[in-house]
Amino acid sequence: MPEDPEESRGPTETRDALAERRGQNAPVYEPAEDSSLLAEAAVEHARGVTLEVGTGSGWVAQRVRAEGDATRVIGSDVNPHAVRRARDRGVEAVRADLLAPFRDGALDTVLFNPPYLPTDPDNEWDDWQEVALSGGETGRELIEPFLDDLPRALAPDGVALLLVSSLTGFAEVVEYAVDRGLRAETVAEESYPFETLSILALRHRAPDN
Amino acid sequence: MKESLLDIVCCPLDKHDLELEVTEREEGEDGEIVAGTLTCTDCGETYPIEDGIPNLLPPDMRE
């Protein structure tokens, strides 16, 4: 058993604590620690046509646009309130389900801070905040379909930066990505009281020589 | 929506090209599209552009 009382919180308590810290009733996810970590990595790595999947308020996309080397930054979200916020910030906005409406090989850089909190199916909120936070029972319910489609939409020499929490299962995410022909490298990591956040850089695996 | 977005997006269902029909455009050269429709050149599914934002959700995910 973990000795740290924070570590022994159940998933529901953890989710509620995170939700409270992040404004549970807001219809659009507000920037938090995970957003900063992703933004810093993205400013460093993003180039060419850059898409932020699940852009929320558009804060990360706007920072990349202002400070990074990307030639174009697009923000997508399933949430209509989020895409309007992103557009109001000057980010090109598209309402979309993950990578579904993006052409094969069209994206040089993909950024994604997914909804990742493991959620009890009997205790869901059924609102936009849940859509922004909940990753289903495993925490990987959106990460897996994203990784399924990423090799199609990512340019041959493109890179995707995926935020992964220890709550979601870091090893499971890496294994899933590798099984889809990607290679994964951790480019940033930070520890917080009840989770460690990592930024995984995902690229097409070079063919064996 | 900028017209050049058509180089990046496609039909979410079958990945074919989208054809743009503009009903309202901002003034000036290269004015952004405020309202219109994107239609899949293969399956014919239509996707609305409202307030400058294309809604490329598959039909079963729209409200």
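Keep in mind that this is a model prediction, so the values were computed, not measured. Side chains included, hydrogens not; waters and symmetry mates left out as well; all remaining heavy atoms used. We name chains A, B, ... by the order of the sequence lines, and we start the count at 1 in each one.
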(request) With chain A as the partner chain, list the residues of residues 37-53 of chain B whose heavy atoms fall under 4.5 Å from it, by residue number, and write 'none' if nothing qualifies. (result)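 Answer by number: B:Asp51, B:Gly52, B:Ile53.
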
(request) Would you please go through residues 12-25 of chain B and name the residues with a non-hydrogen atom below 4.5 Å from one of chain A, in numerical order? (result)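 From residues 12-25 of chain B, the residues near chain A are B:Pro12, B:Lys15, B:Asp17.
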
(request) Could you please spell out the steps behind the side chain to side chain contact (heavy atoms under 4.5 Å, CB included) verdict for B:Asp7 and A:Arg72? (result) CA-CA 12 Å; B:Asp7 297 338; A:Arg72 182 170 193 171; 5.6 Å; no

(message) Just checking A:Asp179: does its CG atom have more than 12 heavy atoms from other residues, nucleotides or ligands closer to it than 6.0 angstrom?
(response)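 Buried by this count: over 12 neighbours within 6.0 Å.
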
(request) Tell me, yes or no, whether the heavy-atom count around A:Asp148 atom CG, taken from other residues, nucleotides or ligands under 6.0 Å, exceeds 12. (result)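 Enclosed.
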
(request) Anything in residues 84-104 of chain A with a heavy-atom distance to chain B below 4.5 Å? Please list those residues in order. (result)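 Within residues 84-104 of chain A, the residues that come under 4.5 Å of chain B (heavy atoms only) are A:Arg84, A:Arg87, A:Glu92, A:Ala93, A:Val94, A:Arg95, A:Ala96, A:Asp97, A:Ala100, A:Pro101, A:Phe102, A:Arg103.
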
(message) With a 4.5 angstrom heavy-atom cut-off, is it the side chain or the backbone of A:Leu51 that approaches chain B, or both, or neither?
(response)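 Neither part; nothing is under 4.5 Å.
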
(message) Using a 4.5 angstrom heavy-atom cutoff, name the option from B:Ser4, B:Pro58, B:Cys11 with the most pairs to chain A.
(response) B:Ser4

(request) Applying salt bridge (Lys or Arg N to Asp or Glu O under 4.0 Å), name anything that partners A:Glu44, two or more places apart in sequence or on another chain. (result) none

